[in-house]
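Here the structure is laid out as structure tokens; the discussion comes afterwards.
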Amino acid sequence: MGFLAFLILGLIAGAIAKLILPGKQGGGWLITLVLGVVGAILGGWIGSLIFGGGLGDFFDLRTWLLSILGAIIVLLIYGAVAGRARTRA
């Protein structure tokens, strides 16, 4: 998968993760892109550990599910860290 396809995958996976998670997460589209790409990397790593194969082709269902799962995990971590920082200020 190419670099541009990976960025598009990360942006869409991050947006879907924001829609799935309840509550208001901060950040705009740039944060969504970064968290989605990090989540896609995390999802690929988790997939390679569990299933023996990470991210495949762009239109592979396993690629999308792993990327969205990774983005949800990263978004939960980001929300916990950002929420903790807001309560301190």
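These numbers come from the heavy atoms of this one structure, side chains and all, not from hydrogens, waters or symmetry mates.
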Check Gly36 against Ala71 and note the closest heavy-atom contact, atom names and distance. CA-CB, 4.3 Å
Inter-residue atom distance Ile68.CD1 - Leu19.CG, 0.5 Å rounding: 10.0 Å
For the atom pair CD1 (Ile31) and OH (Tyr78), what is the distance rounded to the nearest 0.5 Å? 4.5 Å
Rounding to 0.5 Å, atoms CG (Leu69) and CD1 (Ile20) come to a distance of 9.5 Å
By side-chain contact (heavy atoms from CB on, under 4.5 Å) - contacts of Leu65 (at least two apart): Leu61
I'd like to check the side-chain contact (heavy atoms from CB on, under 4.5 Å) partners of Leu42; sequence neighbours left out, ordered by chain and number. Trp45, Ile46, Ile73, Val74
Kindly compute the distance separating CD1 (Ile16) from CG (Leu75), expressed to the nearest 0.5 Å. 12.5 Å
